[in-house]
2 protein chains.
Amino acid sequence: MARTQGSHSDITGPRIRKAALSLFARHGYAAVSMRQIAAEVGVQAGALYNYTPDKQSLLYRLMNDHMQELLSTYAKLTPADSPVEALRQFVSFHIRFHMERPDEVFIAYMELRNLSPENFTEIEAVRRKYEDSLEAILKAGQQQGLFTVADTKIATLAVIAMLNGVITWYRAGGRLSLDAVEQIYWDMVLRSVTA
Amino acid sequence: MARTQGSHSDITGPRIRKAALSLFARHGYAAVSMRQIAAEVGVQAGALYNYTPDKQSLLYRLMNDHMQELLSTYAKLTPADSPVEALRQFVSFHIRFHMERPDEVFIAYMELRNLSPENFTEIEAVRRKYEDSLEAILKAGQQQGLFTVADTKIATLAVIAMLNGVITWYRAGGRLSLDAVEQIYWDMVLRSVTA
DNA sequence: GTTCTATCTGAACGGACGCTCAGATACATT
DNA sequence: AATGTATCTGAGCGTCCGTTCAGATAGAAC
């Protein structure tokens, strides 16, 4: 009873985060115990503390990894020629990126209040940065007379809220294909910012 | 140490629900203890069980009361002449009703997974009923050639998601008045469903 | 003024929680 | 083959959890 067969830091670490991710998403951070996470990995609770200083840091790590990947993946897109094309690209990216990560998205929204104040500030800054990139598109389109929004900040939030709605109800294999959903939302988004 | 001065069932009951509402909204159902709720009311934990069989029922009561009031208040609105007017009425109602109840809204959305299966089913049915009333408006407008949406069900969800976004960021006394916000959202909603 | 009852206290129940740590063991290094 | 180290176990710490309940008291009923 000690070190187990085939135990490795670079295997157990990711498995712990994966288990925590899944459990936090399903039951909520506060409702999940370290023992439950350990059981999912097939390990004793004490072993988790080789990989995280505490439960709170485990949550922060999950959220931060997600937000950083969101930002860096979006940054790698090829720049669009026009604001309209940039907006289309944003809509497509946002839907697809989040659709592939339902658990991360859920946690990033629901568990913000369980972050320590400093951690919360950091995560919010990243989120703001992402939102700002959408607002920049709307501002550019507004200046070029392509878009007509009363308030770019509100329009930004409204568009993101609308897109986030997809994730809450879309299920692969349902009535509509992802392409179809993307098309419908693109139509509605474009209309909502166009006179 | 027993019955306290001025203690009454019809006073303590609402105070308990009010305290639970506030605490659940701020920290989450799972993160709030019965002792915390009791302390907020100024009573011992055991006293709570004169008003709720258990913690779970307390949550359900809060959510159900909220949903029922949403539905009944909406039902009392004077019928609109046209789908466009009905949509405007819905947007206005939705924003204002929810803006006045931030805690209830937050709980109704975040704590669904903490309901027992039967309770969950009931709450979902009420929510669906409310959404259906919006879809009915969109369908009517679609048939009359006033709206042009690819899919009324998706448009329904998209509009509600967009409107719900307001509640997450709007703060009274901020840059914009509630009237202004309502106007901006009404513009965007109407555009998003119009060719 | 006495009795009755609704309401609350205070203590306790078994169990779960986050977290720590000495010791055991598998694997890496030589 | 021997040694060193990374990894995990198992036990346990103090604390909190939801819930129960006998007993005490305030206000209602008479």
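When reading the values below, keep in mind they use all heavy atoms of this one structure, side chains included, and skip hydrogens, waters and symmetry mates. Please read all numbers here as calculations on a predicted model, not as lab measurements. Throughout, a chain's letter reflects where its sequence line sits, starting with A, and its residues are numbered from 1.
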Quiz item: Below 3.5 Å, does any donor atom in the side chain of Arg3(A) face an acceptor in the base of dA24(C), or the other way round?
Solution: no
Quiz prompt | Atom-to-atom span, CD of Gln5(A) to C1' of dT9(D) - whole angstrom | solution = 15 Å
Exercise. At under 4.0 Å between heavy atoms, which parts of nucleotides 13-20 of chain C does protein reach? Answer with one letter per nucleotide, 5' to 3': B base, S sugar-phosphate only, - none.
Key: ----BBBB
Got a list of side-chain donor-acceptor pairs under 3.5 Å for residues 32-51 of chain B, not counting sequence neighbours?
| residue | atom | partner | partner atom | Å |
| --- | --- | --- | --- | --- |
| Ser33(B) | OG | Gln36(B) | N | 3.1 |

Self-check item: NZ/NE/NH1/NH2 to OD/OE distance under 4.0 Å, Asp65(A) and Arg61(A)
Solution: yes
Exercise. Mind jotting down which residue pairs meet the ring-ring contact (aromatic ring centres under 6.0 Å, His included) criterion with at least one end in residues 126-173 of chain B? Sequence neighbours excluded, please.
Key: Tyr74(B)-Tyr130(B), Phe90(B)-Tyr130(B), His94(B)-Tyr130(B)
Practice problem: Whole angstrom is fine here: how far is it from CZ in Arg15(B) over to P in dT7(C)? | Solution: 15 Å
Quiz prompt | Length of the CD-C1' vector between Gln44(B) and dG23(D), whole Å | solution = 15 Å
Exercise. Tell me, please, which residues at least two apart from Asp10(B) pass salt bridge (Lys or Arg N to Asp or Glu O under 4.0 Å).
Key: none
Exercise. List for me each residue that meets salt bridge (Lys or Arg N to Asp or Glu O under 4.0 Å) alongside Asp132(B), sequence neighbours excluded, and say none if there are none.
Key: none
Quiz prompt | Any residue meeting salt bridge (Lys or Arg N to Asp or Glu O under 4.0 Å) with Arg171(B), in chain and number order, not counting sequence neighbours | solution = none
Exercise. Take atom CG of Leu59(B) and atom P of dG18(D), then tell me their distance rounded to the nearest Å.
Key: 13 Å
Quiz item: Rounded to whole angstroms, how far apart are CD1 on Ile16(B) and P on dT7(C)?
Solution: 11 Å
Quiz item: Once you round it to whole Å, what is the distance between P of dA6(C) and OH of Tyr51(B)?
Solution: 12 Å
Practice problem: Answer yes or no: does a side-chain N or O of Thr12(B) lie under 4.0 Å from OP1 or OP2 of dC8(C)? | Solution: yes
